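Per chain, numbering begins at 1; letters A, B, ... match sequence-line order. Predicted model, so just to flag it, every value in this text is computed and none were measured.
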There are 2 protein chains.
Amino acid sequence: MKEKTDRRVKYTKALLKEALVELLKERHISKISVTALCEAADVNRSTFYAHYTDQFDLLRQVEGEVIANLKSFLEQYVDDRMPITEQNLKGILEYAKSNADLFMVLLGENCDHAFHYDLMELVKLIPFQYNAKESQKEYLLTFAITGCISVLYKWLVEGRKETPEEMANLVLKVIYNGLLSF
Amino acid sequence: MKEKTDRRVKYTKALLKEALVELLKERHISKISVTALCEAADVNRSTFYAHYTDQFDLLRQVEGEVIANLKSFLEQYVDDRMPITEQNLKGILEYAKSNADLFMVLLGENCDHAFHYDLMELVKLIPFQYNAKESQKEYLLTFAITGCISVLYKWLVEGRKETPEEMANLVLKVIYNGLLSF
DNA sequence: ATTATAATAAACACATTGTTGGAATTCAAC
DNA sequence: GTTGAATTCCAACAATGTGTTTATTATAAT
């Protein structure tokens with residue numbers, strides 16, 4: 001599977017990834033030219049094109065890494081038959097917290113929606129417990145997951161003052177019991 | 001306030017707006033060059049630059065229009081002291097429905113997050129009814145509004161099979177009472 | 001009908017793009 | 001260590017888009 005034998009390739013990609021994240025803190029992905037990226041990473045432009053087609057391609061690959069990590073992380077905790085618990089939601093939050101910089105950038109306004117969608121698809125794998133007409137289920141799931149991610153993002157951006165446990169509690173409570181339960 | 005005296009300007013802007021929406025159905029705003037835009041609208045590139053600085057500027061102005069319309073639309077129905085009702089949520093949905101093409105594009109993956117944020121700010125003006133610790137309120141509001149918008153978007157994209165009334169019901173129910181109430 | 005304003009057309013220097021061929025370097029593997 | 005292979009660097013290229021300018025044509029307002 002993993003055949004990143006050559007250290008040079010790994011190093012180049014790491015440099016470019018680092019440069020990308022840094023530049024994404026300041027401007028939108030579409031405003032980051034390949035030239036600027038290579039300058040920031042101190043990598044030759046030809047070398048960039050040997051690995052990626054453009055800046056979006058690089059971004060997608062970085063996103064893919066995060067999603068893959070998170071996925072294998074989740075697979076340890078999620079059981080198909082057990083609905084979501086505070087435990088595995090807390091797990092996601094802890095993972096996000098330990099990769100806060102990356103998550104903030106990828107979920108932020110300087111990236112496209114791809115990571116958000118991928119993250120949604122991932123969270124959909126965690127079963128929720130609810131009874132509703134089949135026609136309503138998709139809407140309810142969308143509602144819950146989107147709300148969940150936006151709260152996660154807000155929590156990250158504003159400095160992670162609450163513990164992952166507190167946040168997991170808050171989110172599960174509002175998902176299952178709504179605003180009136182507060 | 002409104003001094004769009006010259007019909008030529010109005011016409012040019014209308015052409016460009018139409019062309020923009022059309023192109024946004026196919027590709028991301030960052031991949032739409034001013035040149036392509038002018039070609040599609042059959043407007044001279046110099047003319048474009050007389051009105052806008054770039055394609056993002058045009059997009060922002062189109063977004064601004066929609067937000068302004070929606071705002072004045074909402075001001076008829078929203079009372080500061082009355083919490084959100086099925087009535088005014090239904091109003092938003094009807095407005096979105098009658099501008100479905102535009103809303104889908106602006107909320108879709110080919111635009112930036114600006115419209116989404118503006119829409120959130122707008123919906124925040126509608127009071128929600130809930131009691132929670134001050135520290136939690138912002139999270140809960142974010143959760144509710146983001147979920148709300150994502151459901152609206154899904155409804156639009158999937159052909160608006162439900163009536164605005166049904167959707168307003170669904171959304172208010174899940175916001176206030178949660179998944180378990182279904 | 002006159003005047004003002006807007007749109008057009010053509011040209012410009014500049015930046016980024018994506019690709020090339022060859023030289024220099026670094027790696028891995030023996 | 002030496003060698004063969006892979007990777008990176010460098011310089012150059014045509015192509016495309018950018019943002020601005022100038023003069024000319026067309027249209028609106030009164």
Side-chain angles (χ1 to χ4, degrees), chain A residues 1-65 105 110-112 114, chain B residues 1-65 105 110-112 114:
Chain A
M1 216 44 143
K2 283 278 176 185
E3 297 185 30
K4 278 202 201 163
T5 36
D6 204 309
R7 282 181 292 165
R8 288 171 294 184
V9 176
K10 248 198 282 190
Y11 184 56
T12 297
K13 290 192 170 183
L15 284 177
L16 284 170
K17 175 181 170 179
E18 193 182 350
L20 177 68
V21 173
E22 217 48 48
L23 292 181
L24 277 175
K25 290 177 182 172
E26 287 164 2
R27 43 193 155 116
H28 191 266
I29 178 65
S30 66
K31 297 287 193 187
I32 298 175
S33 68
V34 173
T35 302
L37 207 40
C38 292
E39 204 161 328
D42 197 25
V43 163
N44 194 276
R45 213 156 51 84
S46 311
T47 308
F48 178 94
Y49 283 113
H51 297 297
Y52 310 100
T53 67
D54 52 27
Q55 72 267 50
F56 300 98
D57 188 27
L58 169 58
L59 174 58
R60 272 191 298 273
Q61 292 199 27
V62 172
E63 288 170 345
E65 258 181 59
V105 161
N110 287 340
C111 287
D112 52 32
Chain B
M1 213 48 141
K2 284 277 177 183
E3 298 186 30
K4 277 200 201 163
T5 34
D6 204 309
R7 283 181 289 165
R8 287 172 295 183
V9 175
K10 250 198 279 190
Y11 185 55
T12 297
K13 290 192 170 182
L15 284 176
L16 285 170
K17 175 182 172 181
E18 193 182 350
L20 177 67
V21 173
E22 217 48 47
L23 292 180
L24 277 174
K25 289 178 183 172
E26 287 164 2
R27 42 194 155 113
H28 190 266
I29 178 66
S30 65
K31 298 286 193 188
I32 298 175
S33 67
V34 173
T35 302
L37 208 39
C38 292
E39 203 160 330
D42 197 25
V43 163
N44 195 275
R45 211 157 52 84
S46 311
T47 308
F48 179 94
Y49 283 113
H51 297 297
Y52 310 101
T53 68
D54 52 29
Q55 73 268 48
F56 300 98
D57 188 27
L58 168 59
L59 175 58
R60 271 190 298 273
Q61 292 199 26
V62 171
E63 288 170 345
E65 257 181 61
V105 161
N110 287 339
C111 287
D112 53 32

* **Separation of D/dC9 P from A/F48 CZ (nearest whole Å)** => 13 Å
* Are B/L37 and B/L23 side-chain neighbours, meaning at least one heavy-atom pair lies under 4.5 Å? -> yes
* To do: Using atom NZ of A/K10 as one end and atom C1' of D/dT7 as the other, report the distance to the nearest whole Å.
  => 15 Å
* **Contact check, side chains of B/Q61 and B/H51, non-hydrogen atoms, under 4.5 Å** => no
* Using a cut-off of less than 4.0 Å, is there contact between a side-chain N or O of B/Y49 and OP1 or OP2 of D/dG19? -> yes
* Out of D/dA6, D/dT8, C/dG18, which has the shortest distance to the side chain of A/H51? -> D/dT8
* Asked: Is any side-chain heavy atom of B/L20 closer than 4.5 Å to a side-chain heavy atom of B/I29?
  -> yes
* To do: Consider the side chain of B/D6, meaning its heavy atoms from C-beta on, and name the nucleotide among C/dG18, D/dT18, C/dT5 that approaches it most closely.
  => C/dT5
* **A/N44 CG - C/dA23 P separation (whole Å)** => 16 Å
* Asked: Could you state the CZ-C1' distance from B/R45 to C/dA10, rounded to the nearest angstrom?
  -> 11 Å
* To do: With DNA chain D as reference, determine whether B/Q55 or B/R8 sits nearer its 5' end, using the nearest nucleotide of each.
  => B/Q55
* **Among C/dG18, C/dA7, D/dG19, the nucleotide that comes nearest once only the side chain of B/V9 is considered** => C/dA7
* **Any A/Y52 side-chain heavy atom under 4.5 Å of A/V34 side chain** => no
* Asked: Is any side-chain nitrogen or oxygen of B/R7 closer than 4.0 Å to OP1 or OP2 of D/dT27?
  -> no
* Verify the contact: side-chain N or O of A/T47 to OP1 or OP2 of D/dC9, cut-off strictly under 4.0 Å; return yes or no. => yes
* 4.5 Å side-chain heavy-atom contact, A/L59 and A/D112 -> yes
* Asked: What integer distance in Å separates B/D42:CG from C/dA9:P?
  -> 8 Å
* Short side-chain N/O contact from A/T35 to OP1 or OP2 of C/dT17, under 4.0 Å -> yes
* To do: Between A/S46 and A/S33, name the one whose nearest nucleotide on DNA chain C is closer to the 5' end.
  => A/S33
* Asked: When the distance from CG of A/L37 to P of C/dA15 is rounded to whole Å, what number comes out?
  -> 19 Å
* To do: Round to the nearest Å and state the distance from A/D57 atom CG to C/dG18 atom C1'.
  => 14 Å
* Asked: Rounded to the Å, how far apart are B/Y11 OH and C/dT5 C1'?
  -> 18 Å
* To do: State which of D/dT20, C/dA7, D/dC9 makes the closest approach to the side chain of B/T12.
  => C/dA7
